[in-house]
Asker: 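Mind having a look at this structure? Questions to follow.
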There are 2 protein chains.
Amino acid sequence: MASVARDSCMVTFLSGGTGTPKLLAGADATFPPSETTVIANTGDDVELGGHLVCPDLDTVLFLGGGELDTETWWGIADDTAETHEELLAVASDAGMTAGPRYLPADAQTSGREIARWRRFSGVAEFMHIGDRDRAVHITRTGLLDEGNSLTEVTSTLAEAFGLDWRLLPMSDDPVATLIHTPEKTMHFQEFWVAEGGEPVVDAVEFRGGTDATATDAVRAALSEPVVIGPSNPVTSIGPMRAVEGIEAALAETTVVAVSPFVEDEVFSGPAAKLMEASGYDASTAGVVEAYPFVDAFVLDGGDGTDVGRPVVRTDTAMNDADDAARVARAVAEAIEVAE
Amino acid sequence: MASVARDSCMVTFLSGGTGTPKLLAGADATFPPSETTVIANTGDDVELGGHLVCPDLDTVLFLGGGELDTETWWGIADDTAETHEELLAVASDAGMTAGPRYLPADAQTSGREIARWRRFSGVAEFMHIGDRDRAVHITRTGLLDEGNSLTEVTSTLAEAFGLDWRLLPMSDDPVATLIHTPEKTMHFQEFWVAEGGEPVVDAVEFRGGTDATATDAVRAALSEPVVIGPSNPVTSIGPMRAVEGIEAALAETTVVAVSPFVEDEVFSGPAAKLMEASGYDASTAGVVEAYPFVDAFVLDGGDGTDVGRPVVRTDTAMNDADDAARVARAVAEAIEVAE
């Protein structure tokens, strides 16, 4: 593999919550941060206890700020959880039910527009929110309520955390990833955090997608070469594709994707089940089918999938920054091949 | 003074944030908790960072639960403040202004109705909120958003904290204590917490009072003998009097008040300045004039004010539970005298 220095080219990463952040963690030598934009998925966001929680934006924010808990790939390292624990204690002492507590139906489409269809009470908080982490959600929500867009707010938070990348939410409009199961429709965070990804999935819906539009900042970033790390094609990249303007931009620009599978083995997360519920094979072949706009793929050395498009192979397992640097170099090579 | 055991009589205390809680802290032997209702002022409440903060309710809640920080008479003893400190750090790192950040004018009358006219962004949080304390605000706000009244929510929180008193908010409707100064109109918490009570006060307004009504629970409680501790007559008791039904009920029932002054010396807080701005002498004489519905007063032994109504005198300084017990006994005696 050539050692490609891309120090004069802008590049844009599309990021979910784990696969692409792991790649970004070792990408700096290949993709200088000052020339790198990261567009994060916001379909997983919830309003919890009155605050907009943006897990994928926050993972990139904390990673870039050197604060990420890289055991879990969410939250701030060594954060305390005094408030969270007290929320559980208060609820327990008063005999209140734990688990996700959706606000009433009429509240799901009132209040902050960006929080539509995923508004939860903070009673017995069903997601673990650390104390410093919570300050980010409070600041974000305060700035939104003061009249700023999520793009503007994210820029302010990126400044606070000293990010060298440019970080953008995929849209300033609400898109909610909803999981349809035989019993009920639930937000992705109920499916994943509260239910451990166990329910049978009939379909995945990106509610709001048809009315959501890409921001000018996202459109501009998508005119550069785009990298899709080994993210979940359905719940990390799917919400972005649902936003008006994004899929069309991907069709126009150079796009390289790292498969989150080695043939039919997935590295982590709920990708396999969600791929199948969305009508794709849970495999690299399924990813290739799901990503018609990708110009070149980075596959694991052990992945023999016949892709029909240019491929660069490397060891795609990423357990540390050196692994990530290796995959980043393969991505740069794939961009060269694709352009 | 007779040692009066009131173990078969219901009694209702009207409470602000310091004077009456200090009395309650030693009142149990005279006023059995199971027969005691506490109605707390909610004019000082704010919505801060999306959460309804009710300082006077919380002081009673934490006192009754044995959790109150009795150095400050607000907050939970030994609470951490990780989130609060991070809010200040994030704001500082991003160059954002500290101090009270009111939400835009149109947001002051939208959102949760109970938070009207006192809605603040959580950016650079201008009030000190501890981590466990915050869990109370999140739970309260979550239960409100789930569709419960503030009275119902307060009952749930009282259960969580194991209160033996019955605790009621003065109303389920919004009343906001606003301070008119020559320069601007500010919420009481800006005046007191952010400005240290320094601004010149032209007038005190209880916005919303004309539309707020007493709950059935408050009306029932006000049919029992009522005790007004040495609370601020303007900002602790004034908001209650602005609520439709409360002043009329006070005129009907037996009411005993402990003066927060010794002649013209006030024990603590901003009472003097606010009394004068409201057209009263900053003295026991002013309190007597301000409280036409009070049937008997408890005054300090050194207070020679000619009240024109029945008076019981004791040392009204309260520095510990024994002091409070002494004042409570004087209150019981005053009720006997007044009835």
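For clarity, every value in this text was computed on a predicted model and none was experimentally measured. Within every chain, numbering begins at 1; the chains are lettered A, B, ... in the order of the sequence lines, protein sequences first and strands thereafter.
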Asker: Parallel under 30°, tilted from 30 to 60°, perpendicular over 60°: which one fits the rings of Phe188(A) and Trp192(A)?
Answerer: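 Taking Trp192(A) first and then Phe188(A), their aromatic rings lie parallel (interplane angle under 30°).
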Asker: Can a salt bridge be assigned to the pair Arg132(A) and Glu67(A) using a cut-off of 4.0 Å between side-chain N and carboxylate O?
Answerer: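 The answer is yes: the pair qualifies as a salt bridge.
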Asker: Check Asp58(A) with Arg140(A), please: is the shortest side-chain N to carboxylate O separation under 4.0 Å?
Answerer: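 So Arg140(A) pairs with Asp58(A) through a salt bridge.
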Asker: In terms of heavy-atom pairs under 4.5 Å with chain B, which of Thr141(A), Leu144(A), Leu88(A), Leu143(A) leads?
Answerer: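 Counting heavy-atom pairs under 4.5 Å, the top option is Leu143(A).
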Asker: Who among Ser92(A), Ala91(A), Ala81(A), Pro104(A) has the most heavy-atom pairs with chain B under 4.5 Å?
Answerer: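 Looking at each of Ser92(A), Ala91(A), Ala81(A), Pro104(A) in turn, Pro104(A) comes out on top.
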Asker: Between Phe161(B) and chain A, with a heavy-atom cut-off of 4.5 Å, which part of the residue counts as in contact: side chain, backbone, both or neither?
Answerer: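 Only the side chain of Phe161(B) comes within 4.5 Å of chain A.
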Asker: Name the region of Leu48(A), side chain, backbone, both or neither, that has any atom closer than 4.5 Å to a heavy atom of chain B.
Answerer: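 No part of Leu48(A) comes within 4.5 Å of chain B.
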Asker: Any side-chain donor-acceptor pair under 3.5 Å between Asp145(A) and Ser121(B)?
Answerer: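 Per modelled atom types, Asp145(A) and Ser121(B) side chains form no pair under 3.5 Å.
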